[in-house]
Each structure stands twice: as structure tokens, then as C-alpha cells.
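Structure, as C-alpha cells:
All heavy atoms count here, side chains included; hydrogens, waters and symmetry mates do not.
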Amino acid sequence: MSRFLSGTRFLVIVPILGLALAAGVFFVFGGFQLISLIVTTLIDYVSGAYVQPHGDEVPFVIQVVEHVHTFLIGTVLYITAVGLYQLFIDEVEFHGWLKIDSTEELEMNLIGVTVVVLAVNFLTVVYTGDLTGLMEYGVGIALPIAALALFVGLRTWSSQISKSESESTEEE
């Protein structure tokens with residue numbers, strides 16, 4: 001039974017491959033779209049056809065920020081794929097921040113990137129969207145961020161209490 005359960009850890013390769021492929025799609029297509037946007041904008045600017053956006057048109061800087069949003073989503077998918085691989089299959093040599101030793105570390109990385117994605121999404125709406133529902137939209141983004149912050153804070157607090165209790169028990 002032990003050998004069977006140990007072998008089932010390789011089932012996680014399916015979501016790892018799916019997540020890595022999805023991350024690659026976000027990076028490649030997002031990168032090509034960003035390069036196309038930059039080249040098109042430069043050509044329009046040099047040829048004199050560039051016009052400052054107004055009304056419903058999206059400013060260049062916001063279009064670039066939307067591409068950053070795409071890359072951040074790709075990053076979340078990539079970190080998840082790498083983290084699952086490191087947790088279930090084998091260790092991978094990465095810089096310190098991408099070394100995942102526990103599901104808690106994977107969660108913390110994902111929470112951090114998720115908060116940034118939500119913030120970028122809100123920024124895009126502020127500059128391009130209809131501002132009449134902005135407060136509701138902002139609250140809709142702020143509540144998950146606040147919940148994630150509370151979750152991280154309580155988890156850290158709980159870990160510190162457990163650590164201090166185990167240290168005091170060892171000293172006795």
C-alpha cells in the first residue's frame with residue numbers, strides 16, 4: 001500500500017504540465033501582443049498618425065499595464081507548476097524565492113502575486129472603466145485582499161505561537 005501511495009504522487013504531473021503550458025501561453029502570446037503594441041505605437045508616433053486617446057479609448061500606459069496583468073497571471077500559473085513539482089516530484093535548483101518546501105510557502109507566493117493581479121486589475125478599471133460603479137468594484141477587490149491579509153496574519157501568528165511553545169517545552 002505504501003508503494004502504491006508513493007507512486008500516486010506522479011499523478012500531479014498532469015496539472016503541472018497543464019499549468020506550465022498555460023503559463024507559457026500567457027507569456028508567449030502576451031509578449032507578442034506587447035511587442036506588437038509597442039511597434040504599432042512607435043510607427044504611428046513616427047508617422048504622425050498617433051493621436052492621444054480620449055473617451056473610451058485606452059491610453060498606451062494602461063494597455064502596457066494590462067499586459068503586465070497577463071504576465072502576472074502567467075507567473076501565478078508558473079509558480080504553482082514549479083511549486084507542485086518541487087513538493088511532489090523532485091527539487092529544482094532555483095533562486096531562493098522560488099524554492100518551495102511546503103504548501104504554506106506555495107500559498108504565500110500565490111497570495112502575493114494574486115494581490116498584485118487584483119491591484120493591477122483595479123488600476124486598469126480606474127483609468128478605462130465607467131467610474132459610476134467604481135466603489136462597488138473597489139470593495140469587491142479590497143475584500144478578498146483584506147481576507148488574504150487576515151489569513152496570512154493569523155497563520156503567521158499561529159505559527160509563532162506554536163514555535164514559541166515548542167521552544168519553551170524544549171528548554172524545560
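If you take CD1 on I38 and CD1 on I43, they are separated by 12.0 Å, rounding to the nearest 0.5 Å. In this structure, T103 OG1 and L84 CG are separated by 10.0 Å, a value rounded to the nearest 0.5 Å. Here Q63 contributes atom CD and L34 contributes atom CG; the two are 10.0 Å apart, rounded to the nearest 0.5 Å. In this structure, the separation between CD1 on I141 and CG on L118 is 5.5 Å, given to the nearest 0.5 Å. If you take CG on L77 and CG on L110, they are separated by 9.5 Å, rounding to the nearest 0.5 Å.
Legend: side-chain hydrogen bond (donor to acceptor under 3.5 Å, both in side chains) pairs involving residues 136-154, not counting sequence neighbours, sorted by first then second residue: N121-Y137. Residue pairs satisfying the salt bridge (Lys or Arg N to Asp or Glu O under 4.0 Å) criterion with at least one member in residues 138-152, sequence neighbours excluded, are absent. Annotation: side-chain hydrogen bond (donor to acceptor under 3.5 Å, both in side chains) contacts involving residues 13-40, sequence neighbours excluded, are absent.
Closest of all the heavy-atom pairs between V76 and T114 is CG2-N, 4.5 Å. Closest of all the heavy-atom pairs between H69 and V120 is CB-CG1, 3.6 Å. Contact detail for I79 and L106: the closest heavy-atom pair is O-CD1, 3.6 Å. Pairing each heavy atom of V152 with each of M108, the nearest pair is CG2-SD, 3.6 Å. Among all heavy-atom pairs drawn from V113 and L72, the shortest one is CG1-O, 3.6 Å.
L11 belongs to no hydrophobic cluster with other residues, because no ILVMFWY side-chain heavy atom falls under 4.5 Å from its own, directly or through intermediates.
With sequence neighbours excluded, no residue satisfies side-chain hydrogen bond (donor to acceptor under 3.5 Å, both in side chains) with R9. For L154, the side-chain contact (heavy atoms from CB on, under 4.5 Å) partners are L150, W157, not counting sequence neighbours. Taking the side-chain contact (heavy atoms from CB on, under 4.5 Å) definition, one finds that F27 meets it with A23, F71, T75, Y78, sequence neighbours left out. Every side-chain contact (heavy atoms from CB on, under 4.5 Å) that I35 has, sequence neighbours left out, goes to V39. E107 meets the side-chain hydrogen bond (donor to acceptor under 3.5 Å, both in side chains) test with R155; sequence neighbours excluded. Take V25 and apply the side-chain contact (heavy atoms from CB on, under 4.5 Å) test, not counting sequence neighbours, and it matches F29. By the side-chain hydrogen bond (donor to acceptor under 3.5 Å, both in side chains) test, E104 is found to be paired with no residue, residues two or more places apart in sequence or in another chain being considered.
Looking at heavy atoms from C-beta onward, F88 lies out of side-chain contact with I13 at the 4.5 angstrom threshold.
Neither I73 nor V28 shares a network with the other; the hydrophobic side chains, linked directly or stepwise wherever heavy atoms of I, L, V, M, F, W or Y lie under 4.5 Å apart, form separate groups for each. Side-chain heavy atoms closer than 4.5 Å link hydrophobic residues (I, L, V, M, F, W, Y) into clusters, and following such links, even through other members, never connects F10 to L21. Grouping the Ile, Leu, Val, Met, Phe, Trp and Tyr side chains by contacts below 4.5 angstrom, directly or via other members, places V92 with I16.
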Go through the steps for F60 and L37 under the test side-chain contact (heavy atoms from CB on, under 4.5 Å), then give the verdict.
CA-CA 8 Å; F60 175 74; L37 171 68; 3.8 Å; yes
